[in-house]
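Here is the naming used below: chain letters follow the sequence lines, and residue numbers restart at 1 for every chain. Side-chain atoms are counted along with the backbone in the values below, which use heavy atoms only and exclude waters and symmetry mates. Computed from a prediction, not measured in an experiment: that's the story for all the values here.
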Protein chains: 2
Amino acid sequence: MAETTDTGLPRAVAIAWGMQEVPQRGPSRGMSHERIVKAAIEVADNEGLAAVTMQAVAKPLGFTTMSLYRYVSSKDELLRLMQDAALTIPEKVELPTDWREALRVWAGVVREAYRAHPWVLEIPRGPVSILMPNSVRAANLGLGAMKDLPLADDVKIGVILVISQHVASSVELERDLAQEGIVAVPAEGVAVLAEVITPERFPHLAPVMKSGNYIDDEVPVVENGDGIDAEYDLGLNLIISGLETMEQQGTPVNDATK
Amino acid sequence: MAETTDTGLPRAVAIAWGMQEVPQRGPSRGMSHERIVKAAIEVADNEGLAAVTMQAVAKPLGFTTMSLYRYVSSKDELLRLMQDAALTIPEKVELPTDWREALRVWAGVVREAYRAHPWVLEIPRGPVSILMPNSVRAANLGLGAMKDLPLADDVKIGVILVISQHVASSVELERDLAQEGIVAVPAEGVAVLAEVITPERFPHLAPVMKSGNYIDDEVPVVENGDGIDAEYDLGLNLIISGLETMEQQGTPVNDATK
DNA sequence: GCATGTTTGTGTAGGTCATAAACAGATTAT
DNA sequence: ATAATCTGTTTATGACCTACACAAACATGC
């Protein structure tokens with residue numbers, strides 16, 4: 001599926017790491033991966049990921065659609081490059097010494113990266129994604145945040161995955177709810193829904209909905225904007241709190257960093 | 001964006017709840033939402049979500065492509081119906097009384113539902129998804145698992161979201177890694193990668209990779225199949241453990257169920 | 001310099017898809 | 001009956017990705 005280079009690495013990985021040798025014989029190139037990806041990101045930022053067509057990317061650059069294929073072997077590859085390039089982790093991040101605070105800062109950095117380009121979450125993240133430069137940088141930073149936490153390496157990797165996924169899901173939820181006109185269910189629709197979500201059929205959920213915090217006239221069932229922050233904090237707090245007990249219980253450690 | 005009915009509810013919601021009145025005047029219908037969705041799910045199960053085209057769904061049913069549009073207003077609506085129908089929660093689930101075990105069982109049920117149709121995770125889950133019958137059933141069951149946990153309702157809702165998202169992400173990761181030929185990076189490629197992931201540039205990550213658990217000849221950086229189970233358990237354990245301390249600390253309770 | 005092979009950007013064309021529009025036959029309401 | 005409405009179909013349109021072929025540009029080896 002994913003095109004591979006002679007090193008056996010997916011092409012997108014080689015390109016993103018700058019490991020793709022440039023041809024020498026022909027005319028010099030008038031374009032570059034960087035400029036293409038940048039233009040594509042601009043389109044996605046302005047008009048959404050669905051608006052990213054080869055034509056829409058090429059045109060502002062003053063090139064033809066097909067010319068992009070001299071740099072990118074498929075649209076899929078372009079999407080993968082965008083996915084990595086959009087995950088902009090700041091060059092220098094000051095991490096607190098306390099691992100709890102450090103993890104919070106780290107999660108916040110990742111969260112802001114997603115928030116800056118929410119469409120990245122629409123791109124399917126295959127196993128290749130994790131080999132890309134910015135994913136590696138993010139993982140490295142996350143491990144740094146946990147450097148004083150006495151847990152095994154594979155647990156730390158797991159924590160990084162769990163937190164990343166939580167952050168991603170949270171931003172995704174936030175983005176979904178921000179789309180007005182979809183969430184807004186008028187009172188009439190809510191009333192109709194209340195007829196099928198009865199206490200008999202849904203004994204545990206129905207009372208919660210009745211309690212009113214989750215159904216007002218506009219926003220049903222799920223939380224509003226503030227609720228998203230609450231959900232983000234809740235998940236992060238639970239994970240960190242869980243790590244604390246794990247730390248106190250002293251899980252066996254197998255740390256390669258010594 | 002999402003088509004709405006006269007009740008103001010998205011059409012997909014009305015259809016899924018069986019709240020869509022059937023026309024009376026014309027000829028009787030030769031097709032049904034159920035059969036269409038079932039056929040579509042079959043295609044997705046066999047050939048992946050990408051193979052779900054209106055034609056591919058209609059043909060096995062002996063109907064034309066366009067006939068589907070008499071039942072479904074767009075492909076997007078069909079996808080949403082598939083998304084809900086694929087989340088098959090068992091009719092009766094025996095939940096242990098202990099909320100910790102009950103949450104584990106609940107998470108397992110959701111996990112198996114996703115595993116049965118992993119392609120659901122490729123369908124963008126908009127805010128509408130949460131109004132669909134099976135999402136509501138899942139939420140109700142999750143709340144039931146926590147019925148003896150003295151926490152506020154909105155916290156419980158948050159916990160359900162957090163756990164669902166963790167389960168979904170974990171299954172997604174599992175599915176990605178199961179696709180052979182993408183993950184398999186030959187030793188040569190790994191060696192090349194090791195040249196750019198240097199201890200100087202990635203002081204925390206590089207030692208972990210060197211430690212060997214994460215790079216063998218075939219599977220780089222990320223865990224193999226067993227590792228996925230470990231990641232799933234880790235996340236769930238952290239969340240539940242976090243809930244335990246929250247329980248012991250006695251967070252203020254505001255329970256609508258009394 | 002010059003021939004040769006390579007690479008670039010472009011134009012053309014083919015194939016897949018979703019879906020709008022118009023129509024004939026079926027069925028029910030008046 | 002007559003009119004209104006609905007069903008399934010045929011036809012057509014417009015996005016899109018991308019394979020292919022071509023001419024001009026450029027580096028290398030003679």
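- Across all strands shown, A/Y69 has heavy atoms under 4.0 Å from base atoms, whether or not it also approaches the sugar-phosphate.
- Results of the side chain to side chain contact (heavy atoms under 4.5 Å, CB included) test with A/I15 over A/V72, A/D84, A/L9, A/L81 single out A/L81 as the only residue that passes.
- Side-chain atoms of A/W106 do not come within 3.5 Å of backbone N or O of A/L143 as any donor-acceptor pair.
- Using a 4.0 Å cutoff on non-hydrogen atoms, the parts of residues 28-42 of chain A near DNA chain C are A/R29, A/G30, A/M31, ordered by number.
- Chain A approaches DNA chain C within less than 4.0 angstrom (heavy atoms of the protein), and the contacting nucleotides run 5' to 3' from C/dT6 to C/dT12.
- Put simply, the side chain of A/R70 does not reach to within 4.5 Å of the side chain of A/M31, judged on heavy atoms.
- When rounded to the nearest whole Å, the span between CE of A/M54 and P of D/dT18 equals 7 Å.
- Of the candidates B/I160, B/I157, B/V162, A/E231 forms a side chain to side chain contact (heavy atoms under 4.5 Å, CB included) with just one, namely B/V162.
- Residues B/Y71 and A/A50 each lie close to DNA chain D; by heavy-atom proximity, the contact nearer the 5' end of the strand is made by B/Y71.
- At a threshold of 4.0 angstrom between heavy atoms, the contacts of A/S67 include nucleobase atoms, whether or not backbone atoms are also involved.
- Taking the side chain of A/T65 as heavy atoms from C-beta on, and the options D/dT18, D/dT10, D/dT7, the nearest nucleotide is D/dT18.
- No side-chain heavy atom of A/L49 sits less than 4.5 Å from a side-chain heavy atom of A/V43.
- A salt bridge links B/D229 with B/R115; the closest basic N to acidic carboxylate O contact falls under 4.0 Å.
- A cation-pi arrangement is present between A/R111 and A/Y232 under the rule of less than 6.0 angstrom and at most 45 degrees off the ring axis.
- Counting heavy atoms from C-beta outward, A/Q83 and A/S129 have side chains that approach closer than 4.5 Å.
- A/L78 is listed as a side-chain neighbour of A/M54, based on a closest heavy-atom distance under 4.5 Å.
- Per the geometry, CZ belonging to B/R25 stands 6 Å off P belonging to D/dC6, to the nearest Å.
- Whole-Å rounding puts the A/R70 CZ to D/dA21 P distance at 12 Å.
- Checking A/L68 against B/Q55, the closest nucleotide of DNA chain C that is more toward the 5' end is the one next to A/L68.
- Residue B/W119 is tested with B/R175, B/M82, B/E47 for a side chain to side chain contact (heavy atoms under 4.5 Å, CB included); the sole match is B/M82.
- A/L78 has its CG atom 14 Å from the C1' atom of D/dC16, to the nearest Å.
- Base contact: B/M66 has a heavy atom under 4.0 Å from a base atom.
- Overall, the helix from C/dG1-D/dC30 to C/dT30-D/dA1 carries an axis bend of 10° between its ends, with five pairs at each end and the value rounded to 10°.
- Rounded to a whole Å, the NZ atom of A/K75 is 18 Å from the C1' atom of D/dA19.
- Residues A/Y71 and A/R29 have side chains in contact (heavy-atom distance under 4.5 Å, counting atoms from C-beta outward).
- Contact annotation: B/T64 does not reach the phosphate of D/dG8 (side-chain N/O to OP1 or OP2, under 4.0 Å).
- The pair B/R80-B/D76 meets the salt-bridge criterion, since a charged nitrogen lies less than 4.0 angstrom from a carboxylate oxygen.
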